[in-house]
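Throughout, a chain's letter reflects where its sequence line sits, starting with A, and its residues are numbered from 1.
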There are 2 protein chains.
Amino acid sequence: MKSLASNDRPREIPEASLRRLPIYYRSLQMMMRAGISQVSCADLARALGLDPTLVRKDIEMTGIVGKPRVGYTLQDLVQWIENFLGWNRPKKAVLVGAGSLGSALLGYDRFRSHGMEIVAVFDIDREKIGKRIHDRLVQPLMLLPDFITREHVPLGLIAVPAAAAQSVADLMVVGGIRAIWNFAPAHVRVPARIILQNEDLYHSLASLSFKLENVPPENGIIYAEDN
Amino acid sequence: MKSLASNDRPREIPEASLRRLPIYYRSLQMMMRAGISQVSCADLARALGLDPTLVRKDIEMTGIVGKPRVGYTLQDLVQWIENFLGWNRPKKAVLVGAGSLGSALLGYDRFRSHGMEIVAVFDIDREKIGKRIHDRLVQPLMLLPDFITREHVPLGLIAVPAAAAQSVADLMVVGGIRAIWNFAPAHVRVPARIILQNEDLYHSLASLSFKLENVPPENGIIYAEDN
DNA sequence: CTGAATTAGAGAACTTTTTCTCGATAATTA
DNA sequence: TAATTATCGAGAAAAAGTTCTCTAATTCAG
């Protein structure tokens, strides 16, 4: 028998599907606010302008079971996704880099309801150490590894200049970090066991710049959706 | 005969390859600063901890021709990539949203050498209109479509709250934008002809949160690289 | 109570991306 | 001058991801 109402075994989850779940999640929340109580994958696909089978496969992957002809109970589905992604169990995170990007990240107060809580900020700049940004005290970088170890922080955010990214990553690894979210435009190397997510704007910029020059300015008429 | 030293026909360029070029580009620049003059794909792969054939395919895709047993002239390769991506021909861009994220984006002075120049900033908030951020005047949002049309701006950046993202995108489309770089955590719908790039942190957060809970904390020993 | 319509689920087909393999070429060494 | 080796270039194979198609279950209408 197949697993039914249990999302215990996370066999093989496509990265692409994982990254689409937040899109569904937000759309579902809007529907909920609109007072809807049942939803089918087809509804969701229509609302977002996406392929219905793609949405179905993604939802199916989370392990939730729907009813033919009806779909899913909206509230159940929303909670299921929260639980599937771990968004209802915030994980501690440390941020390194209290510059403009770091400050912007500290301002995102919705992170906590999406699985992450930034519990400490570190910087190497004496000017910044001791100051408070969005209610969090900036600490000296040298305290980072100990803090990670002591507080069992699983996630580290890097928001420092490219040149400093690798050494910050190394410090995090020393402290025993499990995952790194790297916002610096730099390729950092970490042990294979570390989960690494790069948020490098220049990757997107390369794609955009190339397409602007090479994708012909079509006289498109059809309305469609995103990537 | 196959096209040799001409990157004129942009047949089918894999998105994934496009997004890796900046990684190579930066590594090559570092090598150049280190005084190296020749480089092979194998060198590059080694420096980055990536698969050599992957690197070879990506470089090959750009259309540059190398010499067996030697590789490429470093400077030629760097310039070739700049030219291939259009990074040596900055494209005008408008930014909407002068909040903390928008300000951080305006602070990235390296964008201009990477194919993009933010020429104007718009916001709907009266408090912000008229102020200068990183030497650029914040203009009222209602002037956006005209500005795009008049100045032939091909690229628009959205850095507003999620709720406002769709209407800003609509204004850009009205103005005749060709590509949109969306930093708002929202799914915007645009005509198919528009190139859309989403930079949604919650996509990454979903992936990270899920993996932290489901990828076992391996006792890995091997050193490896990123995604 | 019966038939029509809608939807989840599952597998097949297709596409895209990555990895593997091998021949050709140029530099290096004997 | 010939053998050797490192590297590019290109095609084939494999893997990953997306789309298509069909079946079974359930609701709704008559």
Side-chain angles (χ1 to χ4, degrees), chain A residues 1-7 10-21 23-24 28 36-74 76-77 80 203 207 224-227, chain B residues 1-7 10-21 23-24 28 36-74 76-77 80 203 207 224-227:
Chain A
M1 197 207 286
K2 278 290 181 67
S3 76
L4 290 171
S6 67
N7 58 7
R11 297 155 298 278
E12 272 324 317
I13 305 296
E15 177 73 16
S17 299
L18 269 184
R19 296 181 65 91
R20 273 189 300 267
L21 286 180
I23 301 175
Y24 307 146
L28 292 168
I36 299 167
S37 64
Q38 293 284 317
V39 69
S40 72
C41 289
D43 295 339
L44 197 46
R46 209 171 309 118
L48 292 166
L50 297 174
D51 184 304
T53 52
L54 178 66
V55 176
R56 175 123 9 94
K57 274 262 184 283
D58 289 339
I59 298 294
E60 194 183 333
M61 164 206 79
T62 68
I64 194 172
V65 227
K67 271 202 218 157
R69 187 66 216 263
V70 172
Y72 309 87
T73 304
L74 187 40
D76 290 354
L77 184 50
W80 187 275
H203 295 185
S207 169
E225 79 302 330
D226 73 76
N227 56 339
Chain B
M1 197 207 286
K2 276 291 181 69
S3 75
L4 290 172
S6 67
N7 58 8
R11 297 154 297 278
E12 273 320 319
I13 305 296
E15 177 73 16
S17 299
L18 222 39
R19 295 181 66 89
R20 273 190 299 267
L21 286 179
I23 301 175
Y24 306 147
L28 292 168
I36 299 167
S37 65
Q38 293 283 319
V39 69
S40 72
C41 291
D43 293 340
L44 198 46
R46 211 172 307 117
L48 291 165
L50 297 174
D51 185 306
T53 52
L54 180 65
V55 176
R56 173 120 13 93
K57 272 264 182 282
D58 289 340
I59 298 295
E60 193 182 335
M61 163 206 80
T62 68
I64 193 173
V65 232
K67 270 202 218 159
R69 187 64 213 263
V70 172
Y72 309 87
T73 304
L74 187 39
D76 289 355
L77 183 51
W80 187 275
H203 295 184
S207 169
E225 79 304 329
D226 73 76
N227 54 339

- Would you kindly give the CZ-to-C1' distance between B/R19 and C/dT17, to the nearest whole Å? 15 Å
- Item | Counterpart residues, side chain to side chain donor-acceptor pair (under 3.5 Å), relative to B/R46 (two or more places apart) | B/D43
Using the 3.5 Å cut-off, write out each protein N or O paired with an N or O of nucleotides 13-16 of chain D and the distance between them.
none

- Query: Between atom CD in B/Q38 and atom P in D/dA6, what is the gap in whole Å?
  - Reply: 17 Å
- Query: CD of A/E15 versus C1' of C/dT16: gap in Å, rounded?
  - Reply: 16 Å
- Item | With B/D51 via side chain to side chain donor-acceptor pair (under 3.5 Å) - residues at least two apart | B/T53
- Message: Checking A/P68 now: which residues fulfil side-chain contact (heavy atoms from CB on, under 4.5 Å) with it, not counting sequence neighbours?
- Response: none
- Find the distance between CD1 (B/I59) and CG (B/L54) and round it off to the nearest 0.5 Å. 10.0 Å
- To the nearest Å, how far apart are A/Y72 OH and C/dT6 P? 18 Å
- Please collect all salt bridge (charged side-chain N to carboxylate O under 4.0 Å, His left out) contacts where either partner lies in residues 62-71 of chain B, sequence neighbours excluded, each pair once. none
- Atom CG of B/D43 and atom P of D/dT7: how far apart are they, to the nearest Å? 6 Å
- Task: Determine, for nucleotides 18-30 of chain C in 5'-to-3' order, which nucleotides have protein heavy atoms under 4.0 Å from the base (write B), from only the sugar-phosphate (write S), or from neither (write -).
- Result: SBB----BBBS--
- May I have the distance from B/L44 (atom CG) to D/dT7 (atom P), rounded to whole angstrom? 12 Å
- Query: Is there a side-chain contact between A/H203 and B/I23, using heavy atoms and a 4.5 Å cut-off?
  - Reply: yes
- Excluding sequence neighbours, so at least two apart, what forms side chain to side chain donor-acceptor pair (under 3.5 Å) with B/E60? none
- For A/L77 and C/dT7, give me the distance from atom CG to atom C1', rounded to whole Å. 14 Å
- Tell me, please, which residues at least two apart from B/R56 pass salt bridge (charged side-chain N to carboxylate O under 4.0 Å, His left out). none
- Output all residues satisfying side chain to side chain donor-acceptor pair (under 3.5 Å) with A/R19, sequence neighbours left out; order by chain, then residue number. B/S204
- Item | Length of the CE-P vector between B/M61 and D/dA10, whole Å | 14 Å
